[in-house]
Amino acid sequence: DAGVIQSPRHEVTEMGQEVTLRCKPISGHNSLFWYRQTMMRGLELLIYFNNNVPIDDSGMPEDRFSAKMPNASFSTLKIQPSEPRDSAVYFCASSFGGNRPGELFFGEGSRLTVL
Amino acid sequence: AQTVTQSQPEMSVQEAETVTLSCTYDTSESDYYLFWYKQPPSRQMILVIRQEAYKQQNATENRFSVNFQKAAKSFSLKISDSQLGDAAMYFCAYVDSGGGADGLTFGKGTHLIIQP
């Protein structure tokens with residue numbers, strides 16, 4: 001299995017630009033999570049989906065952030081407009097959920113730098 | 001809300017020695033799961049070990065073992081016979097057992113350095 005695939009691995013953009021991060025979860029997993037990692041705040045859960053439905057988006061920092069999961073094999077996290085404080089590593093993770101809660105498989109992350 | 005605290009920002013150990021990483025958590029739930037995840041320089045988070053709160057027996061995975069003290073809400077990770085490949089950030093994490101799709105709550109992490 002290829003694991004969780006994220007793209008791009010690195011993104012450098014200017015303030016005000018739109019950023020789209022992409023994620024392909026492991027086939028057969030029914031839960032998908034977006035996390036943000038910074039030195040100051042550590043790993044923060046932004047949003048998670050179960051069977052393609054957003055369950056909890058209370059971690060999304062503000063309306064500039066949005067996430068979609070149009071099907072079981074693809075999700076996007078969009079920031080519009082981007083700001084320098086959005087600079088972070090964004091991780092996507094997937095899991096079977098169910099009776100194995102918390103056993104997440106992570107992608108390699110997308111490092112975002114907003115100038 | 002649940003919180004996870006790792007009080008050691010950085011730990012250093014000699015190769016082949018044993019090191020213990022500390023973690024405490026706060027929850028009002030009685031049934032939950034605890035985890036240690038490893039993040040090497042490649043950035044990808046990897047599950048190291050898992051503990052179910054209703055099990056009194058401490059989990060063990062090869063050189064990795066935990067000391068789970070439910071009453072004290074403490075969950076430490078012991079790494080025996082440390083190897084250079086163990087160098088990484090280690091994160092303690094928590095999830096309620098109630099919702100299978102609930103996201104993990106992570107601690108801030110401990111940077112483990114292995115001295116050759």
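All figures in this text were calculated on a predicted structure; none of them were measured in a lab. In what follows, chains carry the letters A, B, and so on, assigned in the order in which the sequence lines appear, proteins first and then strands, with residues in each chain numbered from 1.
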Query raised in the report: Between A:Pro101 and B:Asp96, what is the shortest heavy-atom contact and its length?
Result: CB-O, 4.5 Å

Query raised in the report: In terms of hydrophobic clusters joined by side-chain contacts under 4.5 Å, are B:Phe35 and A:Leu43 together?
Result: yes

Query raised in the report: For the hydrophobic clusters of this structure (ILVMFWY residues joined by side-chain heavy atoms under 4.5 Å, transitively), does one cluster hold both B:Leu47 and B:Phe68?
Result: no

Query raised in the report: Around atom CD of B:Gln56, are there more than 12 heavy atoms of other residues, nucleotides or ligands at under 6.0 Å?
Result: no

Query raised in the report: Is any side-chain heavy atom of A:Phe105 less than 4.5 Å from a side-chain heavy atom of B:Ile46?
Result: no

Query raised in the report: side-chain contact (heavy atoms from CB on, under 4.5 Å) between A:Glu103 and B:Tyr33: does it pass, once the steps are laid out?
Result: CA-CA 10 Å; A:Glu103 293 194 16; B:Tyr33 298 85; over 6 Å; no

Requested in this report: Determine whether more than 12 heavy atoms belonging to other residues, nucleotides or ligands lie under 6.0 Å from atom NZ of B:Lys78.
Outcome: no

Query raised in the report: chain B heavy atoms under 4.5 Å from A:Arg111: which part of the residue, side chain, backbone, both or neither?
Result: both

Requested in this report: Looking only at non-hydrogen atoms, find the nearest pair between B:Gly103 and A:Tyr48 and report the distance.
Outcome: N-CE2, 3.7 Å

Query raised in the report: Rounded to the nearest 0.5 Å, how far does NZ of B:Lys108 lie from CE of A:Met40?
Result: 7.5 Å

Query raised in the report: Is the closest side-chain heavy-atom distance between A:Leu45 and B:Thr105 below 4.5 Å?
Result: no

Query raised in the report: In this structure, which one of B:Gln39, B:Arg43, B:Met45 forms a side chain to side chain contact (heavy atoms under 4.5 Å, CB included) with A:Phe106?
Result: B:Met45

Query raised in the report: Is any side-chain heavy atom of A:Leu104 less than 4.5 Å from a side-chain heavy atom of B:Tyr37?
Result: yes

Report task. Say whether B:Val4 and B:Phe106 are linked into one hydrophobic cluster, either directly or through other cluster members, by side-chain heavy-atom distances under 4.5 angstrom. Result -> no

Query raised in the report: So with a 6.0 Å cut-off around CD of A:Glu14, is the heavy-atom count from everything else above 12?
Result: no

**Report entry** Heavy-atom proximity to chain A below 4.5 Å, by part of B:Phe91
**Finding:** side chain

Report task. Can you tell which part of A:Gln37 gets under 4.5 Å to a heavy atom of chain B, answering side chain, backbone, both or neither? Result -> side chain

**Report entry** Same apolar cluster (I L V M F W Y, side chains within < 4.5 Å links), A:Leu77/A:Phe74
**Finding:** no

Query - Connected via hydrophobic side-chain network under 4.5 Å: B:Val19 and B:Met89 - result: no

